[in-house]
Trainee: 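The structure that follows is given in the form of structure tokens.
Note that the structure is predicted; figures quoted are calculated from it, not measured.
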Amino acid sequence: MWLIPVFLKVLFGNIVTPIVLKKVTSQGSRSRRFRSQYIFASVLVWATVLLMSGGNIAWPSFGLVLLIGFLQSFGTYCYWHAIKISVSKTAVTTQFDDLLGMIMGYGFLGEAYYLRNAPLATGIVLSLASVFVYVWLRVTVKKGDANSELARQTSDSDRALAMWVAGYSVLWGLAYFSLRFFALREVPHSTFLPAWYTGALIGSQVVFWTAGEKERGERLTVRDHLASGLLAVLIVSSLAFQYWASKLTPITVHQPIYQVTEMIFPALIGLFYFKEIKALTKSGKAAFVLGAVGMLLIAMSYR
């Protein structure tokens, strides 16, 4: 049962969304598009809640969820900037947020208990090992290929990417922990999603107000708003499935799967669909196999 929402979250969040997001972030008027996305997302979740549950909101939890949604919106804006620079390099470096969420789960939710399950612990270790191999051995660049496009990227671009990645890693790590935290307190979807996206909408308005004229760009066309609407559907669906999975499994179980899939699928999309890098080395393929075996062990070991 728990594999269903995990699979759907991976499909919507780690495969489809990066493709659409790369196209959106590569265009101008970024802060306008960012705000438009959250306007659509907020309207979508509020309309759904009002139609399906009659506006049944657990108000005592609403404010705290709203605050987390507000904070994570700034992390998402950092992610937009990182994606604009490179989908594949962002996929390689987007690991600290998962690790932070897992560490908080171990420390504050007592999830280290699940590591007593040897096959599960082995799967987690293999998943983390695949990340180590992929990131630290720089497997997305062939050794000796000094003339590759990636090897010639400027240090300024690398520093900018590192800054944006650091920004969203901290805020998203907190957000991942909060999903499990609210799930354990049985905050319903009908409260969580509207509160989250109301906070995110407020955050996007702050981003718009503080962005420079160049970042704001020209007013959006109808086509631009439609693209933002599509992105809103994808991110709302992804979060809804992710929160569902958080109700069924601890961070210790589902986060390593997200960590591997958000490394593999966006990296492959960036490598081959957007042609950011021409080939993977044998070490890169080995990292993908390690991650796949780790995810399989986790899937089979947790009941």
Side-chain angles (χ1 to χ4, degrees), residues 12-13 16-50 62-87 90 94 97 156-157 159-176 178-179 191-240 242 266:
F12 280 88
V16 182
T17 297
I19 297 175
V20 178
L21 188 57
K22 176 65 175 179
K23 294 180 180 295
V24 170
T25 58
S26 296
Q27 303 177 56
S29 307
R30 190 160 34 246
S31 65
R32 292 184 188 275
R33 296 175 191 275
F34 186 71
R35 183 181 61 172
S36 177
Q37 168 197 241
Y38 281 122
I39 291 173
F40 277 103
S42 183
V43 170
L44 175 61
V45 295
W46 274 107
T48 302
V49 166
L50 291 174
F62 191 90
L64 184 55
V65 178
L66 184 148
L67 175 61
I68 298 297
F70 173 79
L71 293 175
Q72 71 79 34
S73 69
F74 296 100
T76 301
Y77 194 62
C78 292
Y79 181 70
W80 275 43
H81 277 275
I83 283 290
K84 179 183 181 297
I85 295 172
S86 172
V87 172
T90 299
T94 183
D97 52 346
D156 287 343
S157 176
R159 282 195 294 269
L161 180 65
M163 178 187 70
W164 295 120
V165 168
Y168 79 73
S169 293
V170 173
L171 292 169
W172 278 11
L174 173 63
Y176 291 152
S178 75
L179 290 176
T191 297
F192 180 82
L193 291 174
W196 184 280
Y197 282 110
T198 298
L201 176 59
I202 296 171
S204 70
Q205 184 62 51
V206 173
V207 167
F208 179 76
W209 281 335
T210 56
E213 288 297 324
K214 182 179 179 180
E215 187 72 5
R216 292 184 186 181
E218 301 293 330
R219 290 185 178 273
L220 301 182
T221 65
V222 172
R223 184 174 181 178
D224 293 332
H225 282 299
L226 289 176
S228 296
L230 172 60
L231 192 56
V233 171
L234 292 174
I235 64 171
V236 169
S237 300
S238 176
L239 182 63
Q242 189 172 0

Trainee: Just so I know, are the side chains of I68 and W196 near enough to count as touching, which here means a heavy-atom distance under 4.5 Å?
Mentor: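 Side chain of I68 against side chain of W196, heavy atoms only: contact under 4.5 Å found.
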Trainee: Does the pair V236 and F40 meet the rule for a side-chain contact (heavy atoms from CB on, under 4.5 Å), with working shown?
Mentor: CA-CA 10 Å; V236 169; F40 277 103; over 6 Å; no
Trainee: Mind telling me whether W172 and Y176 have parallel, tilted or perpendicular rings, with 30° and 60° as the class edges?
Mentor: tilted
Trainee: Search all heavy atoms of F192 against all heavy atoms of V65 and return the closest pair with its distance.
Mentor: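 Of all heavy-atom pairs spanning F192 and V65, the closest is O-CG1, 3.5 Å.
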Trainee: Main chain of V233, side chain of S237: is a donor-acceptor contact present, judged purely on distance under 3.5 Å?
Mentor: yes
Trainee: Out of curiosity, L44 CG to I39 CD1, how far, rounded to the nearest 0.5 Å?
Mentor: 13.5 Å
Trainee: Got a donor-acceptor contact below 3.5 angstrom from the S29 side chain to the E218 backbone?
Mentor: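 Side chain of S29 to backbone of E218, a donor-acceptor pair under 3.5 Å: yes, one is there.
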Trainee: From F34 CZ over to R216 CZ, what is the distance, rounded to the nearest 0.5 angstrom?
Mentor: 14.5 Å
Trainee: Rounded to the nearest 0.5 Å, how far apart are CD of Q27 and OG1 of T25?
Mentor: 8.5 Å
Trainee: Ignoring hydrogens and geometry, is there a side-chain-to-backbone donor-acceptor pair from R30 to K214 under 3.5 Å?
Mentor: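 Checking the backbone N and O of K214 against the side chain of R30, no donor-acceptor pair under 3.5 Å is found.
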Trainee: Could you give the distance from CD1 (I202) to CG (L66), rounded to the nearest 0.5 Å?
Mentor: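 Nearest 0.5 Å value for the CD1-CG distance: 5.0 Å.
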Trainee: Donor-acceptor pair, S36 side chain versus R33 backbone, under 3.5 Å?
Mentor: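 Side chain of S36 to backbone of R33: no pair is present.
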Trainee: Check whether any side-chain heavy atom of T198 sits under 4.5 Å from a side-chain heavy atom of W46, and report yes or no.
Mentor: yes
Trainee: Heavy atoms only: give me the nearest Q72-Y38 pair and the separation to one decimal.
Mentor: NE2-OH, 3.7 Å
Trainee: What I'd like to find out is whether the side chain of L239 reaches to under 4.5 Å of the side chain of L179, using heavy atoms alone.
Mentor: yes
Trainee: If you round to the nearest 0.5 Å, how far is CG of L226 from CG of L231?
Mentor: 12.5 Å
Trainee: Can a donor-acceptor pair be found, under 3.5 Å and without considering hydrogens, that links the side chain of R35 to the backbone of Q205?
Mentor: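 No; judged by distance alone, with no hydrogens or angles, the pair does not exist.
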Trainee: Could you check whether any side-chain N or O of R32 sits under 3.5 Å from a backbone N or O of F208, counting only pairs where one atom can act as donor and the other as acceptor?
Mentor: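 Between the backbone of F208 and the side chain of R32 there is no qualifying donor-acceptor contact (under 3.5 Å).
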Trainee: Work out which heavy atom in F12 is nearest to a heavy atom in T17; give both atom names and the distance.
Mentor: O-OG1, 2.5 Å
Trainee: Would you find a donor on one side and an acceptor on the other, under 3.5 Å apart, between the side chain of K84 and the backbone of K22?
Mentor: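 It does not hold such a pair.
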Trainee: Ignoring hydrogens and angles, tell me if any N or O in the side chain of S238 forms a donor-acceptor pair with the backbone of I235 under 3.5 Å.
Mentor: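 Judged by distance alone, no pair lies under 3.5 Å.
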Trainee: Please check this pair: side chain of S73 against backbone of F70, looking for a donor-acceptor N/O pair closer than 3.5 Å.
Mentor: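 Checked: pair present.
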Trainee: Grab the two heavy atoms, one from A240 and one from L193, that are nearest each other, plus how far apart they are.
Mentor: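 Shortest heavy-atom separation between A240 and L193 comes out as CB-CD1, 4.0 Å.
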Trainee: Enter the distance from L201:CG to Q37:CD here, rounded to the nearest 0.5 Å.
Mentor: 10.5 Å
Trainee: How close do P194 and V49 get, counting heavy atoms only, and between which atoms?
Mentor: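 Shortest heavy-atom contact: CG-CG2, 3.5 Å.
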Trainee: Quick check: closest heavy atoms across L171 and G75, and the distance to 0.1 Å?
Mentor: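 So the minimum-distance heavy-atom pair works out to CD1-N, 3.4 Å.
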Trainee: Once you measure the plane-to-plane angle for W164 and Y77, does it fall in the parallel (<30°), tilted (30-60°) or perpendicular (>60°) bin?
Mentor: perpendicular
